[in-house]
Participant: 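Pasting in a structure now, in C-alpha cells, and then I'll have a few things to ask.
Please read all numbers here as calculations on a predicted model, not as lab measurements. The chains referred to below are lettered A, B, ... by the order of the sequence lines, with proteins before strands, and numbering in each begins at 1.
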Amino acid sequence: MCAEVEETLKRIQTHKGVIGTIVVNAEGIPIRTTLDNSTTVQYAGLLHQLTMKARSTVRDIDPQNDLTFLRIRSKKHEIMVAPDKEYMLIVIQNPSE
Amino acid sequence: MPVTHKTLVKSKQGSNAQSQQKPLAAKTAKVVSKKKDEDDGTEIGEGGDEWMHGKTLIKPPDQLDLTEAELKEEFTRILTANNPHAPQNIVRYSFKERSYKPISSVDQLAVHFFLEGNLLHRDSDEARRQKAKQGLPDEKATVVTETEDEKLETPLQAAGGEEAGDVEEGGGEDGAHSVDSKTGKKEQKLTNQFNFSERASQTLNNPLRERGCQTEPPPRASFSATANQWEIYDVYLEEMQKQEKNKEKAKAVPKKEDDKGKKKLTLVETQSDDLTKVAKVAKIIERMVNQNTFDDIAQDFRYFEDASDEFREQEGTLLPLWKFQYDQAKRLSVTALCWNQSYKDLFAVGLGSYDFTKQGRGMLVFYSLKNSTYPEYNYPTTSGILCLDIHPDRPYLVAVGFYDGCVAVYNLKEERPEPVYKSSSKSGKHTDPVWQVRWQKDDMDNHQNFFSVSSDGRVVSWTLVKSELVFTDIIKLSLVGAVSEGPEGVPPPTMACGTSFDFHKQINYLFLVGTEEGKIHKCSKAYSSQFLETYDAHNMAVDAVKWNQFHPKVFISCSSDWTVKIWDHTIRTPVFIFDLNAAVGDVAWSPYSSTVFAAVTADGKVHVFDLGINKYEAICQQPVVAKKKTKLTHIEFNPVYPIIIVGDDRGYVTSLKLSPNLRSKPKEKKGQELPRGPEVEIAKMEKLLSLLREPENSKA
C-alpha cells in the first residue's frame with residue numbers, strides 16, 4: 001500500500017511539466033517536497049489557508065458537500081491542490097509544456 | 001521679709017528732705033517705729049541707757065530745724081500699691097508729635113516669682129476635650145481610684161491622729177476627691193489624679209513569618225475554533241454514526257467475530273505508514289496532472305464534434321483520443337476488453353497472447369479515461385488471459401478466463417493481487433483455453449454465477465458459493481454432422497471447440513455458441529445435450545457472436561474468413577454479409593442504435609457500419625494504428641459516451657471518438673416528436689429486415 005503511494009507520487013513528479021510536489025499534513029506543515037525549503041514553506045502556508053477557506057465556503061453553502069480539489073491557473077503555471085482529511089497534496093505544473 | 005507694700009504716696013507734698021525721709025516713711029508704722037528705734041538704737045547705741053530712761057529727743061546734727069508748728073504739722077502718709085522700683089518718668093518718642101512724651105501710666109506690677117503649672121480649669125475647653133477623650137478610662141479610673149481612695153482612707157484612718165491635721169486634711173481631701181469621683185461616676189469616670197497608675201503590659205509580639213507556597217500553574221493551552229454550519233453538521237453526523245453503531249452492537253450479538261476482525265484491521269491500519277492515507281489524494285492529483293497534460297484530448301472527448309461531417313454526406317470519422325499503454329504489458333496482445341457498467345470511464349483490458357507458441361504470462365489491467373498514463377488496477381497473471389467480463393450489478397467482480405483453461409474471479413475491492421476464486425484441475429477447469437466468460441443473473445440462492453466456453457467443447461456454469469467455485473456443465477458441444485451417427489454421439493464424441501458465445505439480452509436461457517468449425521449453435525440452458533438450432537456460419541472459426549442490443553431476433557457474427565454476417569435467428573441464412581478484406585478480429589453492436597455496428601480487422605482498420613444509412617458499405621473505414629502490421633483484436637463501445645476502445649496485438653488500447661455521422665439518429669418528421677427508446681430501434685431494424693424478407697419471400 002505504501003509502495004503504491006510512493007510510486008504514484010513518483011509518477012506525478014516525473015510527469016511532463018510538473019515543477020514540484022509538496023505533501024502537507026493537517027496542520028499545514030510540509031512533510032514531503034521536491035522544492036527547496038523556503039519555497040515549500042511559503043507554498044504550504046499560503047495554500048493551506050486558501051484551501052481551508054475554499055472548503056469552508058463550499059461547506060457553508062451545503063454542509064453535505066465537500067471540496068474535492070482546487071486549481072489555480074496563473075500566467076506562468078498551474079497550482080493544483082487536492083485536500084484530504086489528514087493530508088494535502090500540492091502540485092505545481094506548467095500545463096503548456 | 002515678705003511684706004506687702006500698700007502705701008499711698010503723696011509725692012507732690014514731698015520735698016527733697018522729705019524724699020530722703022520717704023524711704024524711711026514708706027515703712028509701716030511699726031516698721032518705722034522699729035527702724036527709728038533701730039536708728040535710734042544705732043545712733044545712740046551708747047545711749048541705750050538713755051532709751052531706757054525715757055525718750056529724749058536728740059537732734060542729729062544735720063537734722064532740719066523746724067519750728068514747732070511745722071513739727072506738729074501732720075503729714076499724711078498714704079500706702080499705695082505702686083511699685084517703688086517702677087520707673088516714673090518713662091518717655092516715649094511719639095512720631096506723631098515728633099517729640100518725646102512721657103507715658104501716663106506705667107506698669108506697676110512686679111513679679112517676684114513665676115512658675116508654670118499644668119493645672120487646667122475644669123470647665124475650660126481643653127479640659128473638656130480631655131475629659132471627652134478619657135471618658136471611659138475616666139470612669140474606670142474613678143472606680144479604681146475609689147477603691148484606692150477607700151484603701152487609702154482606711155490606712156489613713158488607721159494611722160490615727162498623729163498628724164491629725166494633715167491626715168485629716170489629706171483624708172478630707174481624699175474624701176472630697178472620692179466624693180467627687182463618686183459624683184463623677186454617674187457622668188464619667190475620672191481618673192484619680194493623685195493615686196492613679198495605669199497598668200499596661202506589653203505582650204510578646206510573635207515574630208511575623210511569611211509563608212507562601214507556589215503551586216504549579218494549571219496547564220494552559222490556547223484553543224480556538226470556528227463554528228460554521230458545516231462544522232455543526234459534522235458533529236451531528238458523528239453523533240448519529242455513534243448512535244447507529246451502538247444500535248448495531250446491541251442488535252448484532254452473534255456478529256462479534258466480525259467485529260473483532262474489523263478491530264484487528266483497524267489496528268493494522270494505524271500501524272502502517274502515514275503515507276497510505278495520501279493514496280486517495282495522490283490519485284486525484286495524478287488525474288489532475290494528466291488532465292492538464294492531455295487537456296486538448298479531454299476537451300475533444302467532451303466537446304469536439306467533427307464539423308466536416310456535414311459535408312461528407314453519410315460518412316463519418318473516428319477521432320483518436322487517448323492511448324493507453326502499460327510498460328509491463330508490452331509484447332502482450334489485448335485479448336479482451338470490457339467496459340464497466342457502473343463507472344462509465346473505467347474499462348478492463350485482458351492481456352495475453354493468441355499465439356500458440358508464445359504462451360507466457362498475462363495481465364488484467366483496468367484503465368480509467370481520467371488517467372491514461374497509468375492503470376487504476378493491474379493484476380499480473382501466470383497465464384495469458386483470453387476473456388473477461390465485469391459483473392453488471394457488482395462492478396467490482398470480474399470473471400476471467402485463461403489460456404490454461406482456468407477461470408478466476410477477481411474482486412477489485414480487495415487489495416491482494418490474487419483472484420478471489422480460481423478454478424483448479426480438481427474443480428472442473430477446462431482442459432483447453434477459455435474463450436469467453438459471461439456473468440449471469442444471480443441464482444436462486446443469491447449466488448453469483450457465470451458461464452464459460454472453451455475449446456474443450458464444454459459450456460460450464462460456475463457458481464460462487466462462499467469461497468469456492470462450483471461448476472456445472474451446461475452443455476457439451478459435439479460436432480454436428482461430422483459423425484454419421486448423429487449428435488448424441490456414443491462413438492468417440494469429437495467435441496466441438498467453442499470459441500465464443502453470447503446470451504440473449506431478454507430471453508435468459510437462450511444463448512448462442514460459436515465454434516471453431518464455423519458453426520453457430522443456438523442453445524438453451526435447459527437442454528444440455530441438444531442444440532436448438534445450428535447455423536452454418538463461417539468457413540473458419542467464429543471469433544465473435546453477439547446478439548443485437550435492441551432487436552430480439554438479430555445477432556451478428558464475425559470470423560477470420562474475412563466476413564461479418566448478420567442473422568435473424570429464425571432464419572438459417574444470414575441476412576447481411578459483409579466482406580472486409582481482412583481477418584475480422586471482433587465485432588460489436590453499438591449501444592445507441594440497433595443498426596450501427598463496428599468491426600476491427602487484422603489490417604489495423606476499424607469499420608463502422610450503419611445499416612439504416614448504407615446497407616452495403618461501411619460508413620467509416622479508418623486505420624487506427626500507426627504501424628500497419630498491428631492487428632486489431634478487440635473493439636468495444638462505451639455505453640454512455642460516443643467513444644470506442646480498440647485493442648491491438650501490441651498491448652495498446654486506443655480510444656476513438658465517433659463523429660456525428662456515425663451516431664445519427666433517424667430524422668424527425670416535421671411536427672412530430674421523435675419517440676426515443678428501444679422500440680424505435682427495434683422498429684428500425686424490423687423495417688430493414690422486412691425489406692429483406694420480402695424479396696426472399698418473393699423469391700421463395
Participant: Among Asp295(B), Ile232(B), Leu237(B), Asn290(B), which residue has the highest count of heavy-atom pairs closer than 4.5 Å to chain A?
Facilitator: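 Most heavy-atom pairs under 4.5 Å with chain A: Asn290(B).
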Participant: Establish, from distance only, whether the side-chain atoms of Asp60(A) and Gln229(B) form a donor-acceptor pair under 3.5 Å.
Facilitator: no
Participant: Using a cut-off of 6.0 Å, state whether more than 12 heavy atoms not belonging to Asp36(A) lie near its atom CG.
Facilitator: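 Yes, enclosed.
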Participant: Would you say Val278(B) and Asp84(A) make side-chain contact, with heavy atoms under 4.5 Å?
Facilitator: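 Result no, sub-4.5 Å side-chain heavy-atom pair not found.
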Participant: Does Arg11(A) count as lying over the ring of Tyr374(B), i.e. NZ or CZ under 6.0 Å from the six-ring centre, within 45 degrees of the axis?
Facilitator: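 Yes, a cation-pi geometry.
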Participant: Would Arg59(A) and Asp234(B) satisfy side-chain contact (heavy atoms from CB on, under 4.5 Å), going step by step from the backbone distance to the final call?
Facilitator: CA-CA 10 Å; Arg59(A) 295 207 75 197; Asp234(B) 276 345; 2.6 Å; yes
Participant: Could you grab the distance from atom CD of Gln291(B) to atom CZ of Phe69(A), nearest 0.5 Å is fine?
Facilitator: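 Separation between the atoms: 6.0 Å.
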Participant: Could you grab the distance from atom CG of Asp62(A) to atom OH of Tyr233(B), nearest 0.5 Å is fine?
Facilitator: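 Asp62(A) atom CG to Tyr233(B) atom OH measures 7.5 Å (nearest 0.5 Å).
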Participant: Determine which residues belonging to residues 71-78 of chain A lie within contact range of chain B, meaning some heavy atom pair is under 4.5 Å apart, and list them by number or answer 'none'.
Facilitator: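 Counting heavy atoms that sit under 4.5 Å from chain B, the residues of residues 71-78 of chain A involved are Arg71(A), Arg73(A), Glu78(A).
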Participant: Mind ranking Thr373(B), Val281(B), Ile284(B) by heavy-atom pairs under 4.5 Å with chain A and telling me who comes out on top?
Facilitator: Val281(B)
Participant: Rounded to the nearest 0.5 Å, what separates atom OG1 in Thr293(B) from atom NZ in Lys16(A)?
Facilitator: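 Between Thr293(B) OG1 and Lys16(A) NZ, I get 6.5 Å after rounding to 0.5 Å.
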Participant: Enter the distance from Lys85(A):NZ to Lys280(B):NZ here, rounded to the nearest 0.5 Å.
Facilitator: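 Going from the NZ atom of Lys85(A) to the NZ atom of Lys280(B) covers 9.5 Å.
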Participant: If I compare all heavy atoms of Ala82(A) with all of Ile285(B), which pair ends up nearest, and what's the gap?
Facilitator: CB-CG1, 3.5 Å
Participant: Using non-hydrogen atoms only, which part of Glu7(A) is less than 4.5 Å away from chain B: side chain, backbone, both, or neither?
Facilitator: side chain
Participant: Contact part of Leu70(A) toward chain B, heavy-atom cut-off under 4.5 Å: side chain, backbone, both or neither?
Facilitator: backbone
Participant: Nearest 0.5 angstrom please: Met288(B) CE to Leu89(A) CG, how far?
Facilitator: 9.5 Å
Participant: Ser56(A) versus chain B, heavy atoms under 4.5 Å apart: side chain, backbone, both or neither?
Facilitator: both
